[in-house]
Amino acid sequence: MNNFTIAIVAALSATAYGFRCTNLTVPVSLSARNVVFNITTPQNNVEVTNLILDLTRQGGSFVEQRVQGYAAVHGNYSLAATYCTPDEHGPDGSNRKRPLDAVQILTHGLGFDRSYWDLPYNGGNYSYSAVATNKHGYATLSWDRLGVGMSSHGEPINEIQAWLEVDAQVRQGAPLYALTAMYPDISDGIALTGFSQNGSFVPYFALGANFVDVKTIPLLAPQYDHGYLATGDLSAFQANFLGPEQFDPAILAFAATIGQPLAIGEILTIGSEIASLNTFRGPVLVVTGEYDVPFCGGSCYNGASPNSSIPAQSQQYWTNTSISTVIVPGAGHALNLEYSHPSTYKSINEFFGQIDKA
Ligand SMILES: *[C@@H]1O[C@H](CO)[C@@H](O)[C@H](O)[C@H]1NC(C)=O
Ligand SMILES: *[C@@H]1O[C@H](CO)[C@@H](O)[C@H](O)[C@H]1NC(C)=O
Ligand SMILES: *[C@@H]1O[C@H](CO)[C@@H](O)[C@H](O)[C@H]1NC(C)=O
Ligand SMILES: *[C@@H]1O[C@H](CO)[C@@H](O)[C@H](O)[C@H]1NC(C)=O
Ligand SMILES: *[C@@H]1O[C@H](CO)[C@@H](O)[C@H](O)[C@H]1NC(C)=O
Ligand SMILES: *[C@@H]1O[C@H](CO)[C@@H](O)[C@H](O)[C@H]1NC(C)=O
Ligand SMILES: *[C@@H]1O[C@H](CO)[C@@H](O)[C@H](O)[C@H]1NC(C)=O
């Protein structure tokens, strides 16, 4: 599983909060059985919107109709990652070096890259990595998913799909949902954030994003081809990612500087990834914002009691373990960008802390 080589491309450097990070480039050879779609790559915003309308039509079967077959995809790619460890000295100069017994592997979601876990905002106050390393003593490894950020990009419809992403996660050792479904013994514990297994609300997200051709976004156009879609404007970003009045309004403009596009192939294949059974045996935590749009349709309780929230209903897919659920009051999908982020970070690290003690 760990047969990859790591090329260190940047020296260790201290960050604002004192924890230390190294950037890595990990070459990987990946293969997967991908779907071949008969879909023409949209070349402008009108074609992007037409495609989104085709995809989201209620009762529609556009995706099924466009499946032409399956094909083995093999390729050599590189994955960009950042490895962080706690500072050895506290602010008072005390030595707080402790053995690192666990690495948290941090995987970002659609629309972001690995900076999601260490947001360069408000002097480093929105950094999950800072909390996990300095406060809780873990090492963290965040990485850009295949197709995104500084990891290799690819053909956005038939190459960059959930299936090849899963193989990338295996090579990288990252515990995302589909990964644990295919390799149940890979991790000691999993925390899934902004998550449920109800795929009914993906159309809300796809329409809410006001998606545009990445080539119309000056910051992203040089790095991505047609077939990658970017969130259309700040209001679309707010609608999909942030709970009402639960965020610093200035973080919207900041989000525009870190937002990443997604590949059409990811949207086409995410549905089949969500609703699969999982035989993972270890502890699982699901942390989701009460008003998450893509995974709860804007209301995780939906009139139900706390224990049968939409994220809690994921239990039916975990055949060999009991999951715990935390619903973050008032929050939207992008938990790390909201005022509640300290309580989100605490829930996750306390969950991992329980595993260490067990
Ligand atoms: C790692 O790479 C990111 C993205 O390019 C950059 O923002 C960051 O400063 C780099 N960190 C180090 C420690 O070099
Ligand atoms: C692909 O879809 C187009 C309609 O957009 C259809 O005319 C064509 O026959 C399809 N090709 C294949 C090989 O299914
Ligand atoms: C990947 O790299 C290896 C080693 O350099 C090479 O043997 C192999 O042919 C490459 N695979 C592809 C699909 O390019
Ligand atoms: C980070 O948050 C704390 C607590 O809210 C605040 O006191 C501090 O000024 C913030 N730091 C920066 C750099 O904004
Ligand atoms: C998704 O949630 C909605 C609202 O609670 C519910 O009606 C629907 O049955 C759920 N679908 C799945 C697949 O769980
Ligand atoms: C809800 O779940 C918690 C923790 O799993 C449990 O302690 C509590 O009794 C449950 N409440 C109900 C009403 O089932
Ligand atoms: C999951 O549980 C089933 C039924 O108890 C068992 O047959 C199976 O071996 C378990 N799988 C794993 C990976 O533990």
Side-chain angles (χ1 to χ4, degrees), residues 3-32 34 58 71-85 87 106 108 112-121 124 127 129-130 133 139-144 148-152 154-155 159 164 167-168 171 195-205 219 223 254 257-258 260 270-277 286 288 290-318 327:
N3 58 347
F4 54 77
T5 53
I6 292 182
I8 297 182
V9 295
L12 275 173
S13 81
T15 60
Y17 267 39
F19 63 109
R20 303 180 80 80
C21 298
T22 308
N23 279 346
L24 311 168
T25 304
V26 185
V28 288
S29 184
L30 304 177
S31 53
N34 270 14
Q58 64 140 324
V73 175
H74 306 283
N76 292 327
Y77 303 89
S78 75
L79 301 177
T82 301
Y83 180 72
C84 301
T85 52
D87 195 4
L106 309 175
H108 64 85
F112 294 95
D113 63 13
R114 71 192 191 278
S115 66
Y116 181 74
W117 298 105
D118 182 20
L119 294 166
Y121 187 71
S127 173
S129 291
T133 55
T140 60
L141 182 75
S142 58
W143 63 295
D144 287 349
V148 174
M150 294 175 73
S151 289
S152 305
E155 190 283 315
E159 184 178 8
L164 197 62
D167 199 43
R171 304 300 159 200
F195 182 82
S196 81
Q197 276 163 268
N198 190 320
S200 313
F201 313 109
V202 172
Y204 287 36
F205 178 84
L219 202 58
Q223 304 145 48
F254 163 77
T257 68
I258 60 155
Q260 296 291 322
I270 194 170
S272 20
E273 193 183 15
I274 288 176
S276 47
L277 289 177
V286 175
T288 303
E290 181 182 1
Y291 296 144
D292 187 298
V293 167
F295 289 97
C296 290
S299 176
C300 286
Y301 293 127
N302 191 35
S305 76
N307 287 6
S308 50
S309 65
I310 291 172
Q313 287 166 21
S314 297
Q315 179 62 64
Q316 64 190 297
Y317 296 98
W318 298 82
I327 303 294

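Note that the structure is a prediction, hence the values are computed from the model and not measured. Scope of the values below: all heavy atoms of this structure, side chains included, with no hydrogens, waters or symmetry mates. Numbering of ligands and ligand atoms starts at 1, following listing order. Throughout, numbering of the chain's residues begins at 1 and tracks the sequence.
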Under a 3.5 Å threshold, I'd like every N/O contact between ligand 5 and protein atoms, with atom names and distance.
from: ligand 5; atom 1: 2 (O); to: Asn198; atom 2: ND2; distance (Å): 2.3
from: ligand 5; atom 1: 5 (O); to: Asn302; atom 2: ND2; distance (Å): 3.0
from: ligand 5; atom 1: 11 (N); to: Asn198; atom 2: OD1; distance (Å): 3.4
from: ligand 5; atom 1: 11 (N); to: Asn198; atom 2: ND2; distance (Å): 2.8
from: ligand 5; atom 1: 14 (O); to: Asn198; atom 2: ND2; distance (Å): 3.3

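- Within the 4.5 Å cutoff, side-chain heavy atoms of Cys296 are placed close to those of Thr288.
- More than 12 heavy atoms of other residues, nucleotides or ligands shown are found within 6.0 angstrom of OH on Tyr121.
- Using a 4.0 Å cut-off between heavy atoms, Arg20 makes no contact with ligand 1 at all.
- Between Ile327 and Tyr301, some side-chain heavy-atom pair lies under the 4.5 Å cut-off.
- Ring geometry for Tyr116 versus Phe112: interplanar angle of 30 to 60°, hence tilted.
- Any N or O atom pair closer than 3.5 Å counts here, and Asn76 shares at least one such pair with ligand 3.
- The contact set between ligand 1 and Cys21, taken as ligand atoms under 4.0 Å from a residue heavy atom, comprises 13 (C).
- Distance check: Tyr291 OH to Cys300 SG gives 10.0 Å after rounding to the nearest 0.5 Å.
- More than 12 heavy atoms of other residues, nucleotides or ligands shown are found within 6.0 angstrom of CZ on Phe254.
- On a distance-only criterion, Thr22 and ligand 1 share no N/O pair closer than 3.5 Å.
- When the options Asp292, Ile310, Val286, Ile274 are evaluated for a side chain to side chain contact (heavy atoms under 4.5 Å, CB included) with Ser196, the one that passes is Ile310.
- When only modelled atom types and interatomic distance are considered, Ser200 and Asn198 share a side-chain donor-acceptor pair under 3.5 Å.
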